[in-house]
Chemist: 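My questions will all concern the structure given below.
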There are 2 protein chains.
Amino acid sequence: MVGVDLVLEAVGEPNRRRLLELLHQQHESTVSELVRASGLNQPQVSKHLKVLASAMLVAVRAEGRHRHYRLDGAGLQAAHDWFASFDDVWNARFDALDELVSTDPESSAT
Amino acid sequence: MVGVDLVLEAVGEPNRRRLLELLHQQHESTVSELVRASGLNQPQVSKHLKVLASAMLVAVRAEGRHRHYRLDGAGLQAAHDWFASFDDVWNARFDALDELVSTDPESSAT
DNA sequence: CTATTGCATTCCTCGTGAGGAATATATAAA
DNA sequence: TTTATATATTCCTCACGAGGAATGCAATAG
């Protein structure tokens, strides 16, 4: 399992989110391509990618002197699951209330 | 719609995540209760709650000299949706690959 | 071989953000 | 009224993290 702490700290940075979104469109990109697409300098891109990789948000594939980066589902899903654990909040499921009134299913008047 | 930037920056902080999880268990808590449960000092809790509130992650209800905080689904769902937009990554849908190799399904040697 | 390209890494500076202490503010109690 | 409680806010310090510049390093080109 992936540490959600690393993931959420990594995605807290706006430029890293931009890189993730660029990678989402391109499926796979070299560092040079990300530099051009993001407008960031090459060292910054490499450093951000390093952070993303240690959070299992991206994976690398070496090919010659090129490095092909792609999204890694592990980190993304870890963060997704963490927020999903709160889904009862916005789903407004009145479980406790439902249990309280479950003995009286007739009381469903508006 | 809630700004996902504010939300993801807010949840990037570990103690703020702890507060969110505490609020998730308690449904509603005063600042004092969160201070006791989190081990943080009162000013830090108030400051973190302020950040969480501006990201629509918590909502407040004033009652006498107490402030009752509870989770706000708006911010939580915004972050959830942002990660959900990447679900094709971990669902491992090889659409493009599938299209490329669809003429040769036998080539799956190790 | 040397030169060049693609990327990673190091060093430095600076801004920002988190924590601590003290204080301000508001509401309730006496 | 004075006092106590609950919370917010201000000020300060400090550490960490992001960006820039320069450099290192590996792989291809010539």
Chemist: When you compare the side chains of Q77(B) and W82(B), does any donor N or O come within less than 3.5 Å of an acceptor on the partner?
Modeler: no

Chemist: So, applying salt bridge (charged side-chain N to carboxylate O under 4.0 Å, His left out) with E63(A), which one of R61(A), R67(A), R65(A) is it?
Modeler: R61(A)

Chemist: Just to verify, what does F83(A) make a ring-ring contact (aromatic ring centres under 6.0 Å, His included) with, not counting sequence neighbours?
Modeler: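 With sequence neighbours excluded, F83(A) shows a ring-ring contact (aromatic ring centres under 6.0 Å, His included) to F83(B), given in chain and number order.
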
Chemist: Quick one: which residue pairs count as a ring pair (Phe, Tyr, Trp, His ring centres under 6.0 Å) with a foot in residues 10-49 of chain B, not counting sequence neighbours?
Modeler: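 Listed once each, the pairs are F86(A)-H24(B).
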
Chemist: Looking at K50(A), I'd like to know whether one of its side-chain N or O atoms comes within less than 4.0 Å of OP1 or OP2 on dT9(C).
Modeler: yes

Chemist: Can you tell me if Q44(A) touches the phosphate of dG20(D), counting only side-chain N or O atoms and a distance under 4.0 Å to OP1 or OP2?
Modeler: yes

Chemist: H48(A) has an atom NE2; how far is it from atom C1' of dG19(D), in whole Å?
Modeler: 8 Å

Chemist: Can a side chain N or O of Y69(B) be found less than 4.0 Å away from OP1 or OP2 on dA8(D)?
Modeler: yes

Chemist: Can you work out whether G64(B) or N41(B) has the more 5'-proximal nearest nucleotide on DNA chain C?
Modeler: N41(B)

Chemist: Does any part of the side chain of R16(A), heavy atoms only, come nearer than 4.5 Å to the side chain of L57(A), both counted from C-beta?
Modeler: no

Chemist: Kindly indicate whether the side chain of K47(A) and the base of dG20(D) share any N or O donor-acceptor pair separated by less than 3.5 Å?
Modeler: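 Yes.
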
Chemist: Of the residues in residues 9-31 of chain B, which ones touch DNA chain D at a heavy-atom distance under 4.0 Å?
Modeler: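 Heavy-atom cutoff 4.0 Å gives T30(B), V31(B).
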
Chemist: Would you please confirm or rule out a distance under 4.0 Å between OP1 or OP2 of dG6(C) and any side-chain N or O of R67(A)?
Modeler: no

Chemist: Check if the side chain of Q42(B) and the base of dA8(D) share a donor-acceptor pair of N or O atoms closer than 3.5 Å.
Modeler: yes

Chemist: When L76(B) is tested against each of L71(B), V7(B), D81(B) for side chain to side chain contact (heavy atoms under 4.5 Å, CB included), which residue passes?
Modeler: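 Single side chain to side chain contact (heavy atoms under 4.5 Å, CB included) partner of L76(B) among L71(B), V7(B), D81(B): L71(B).
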
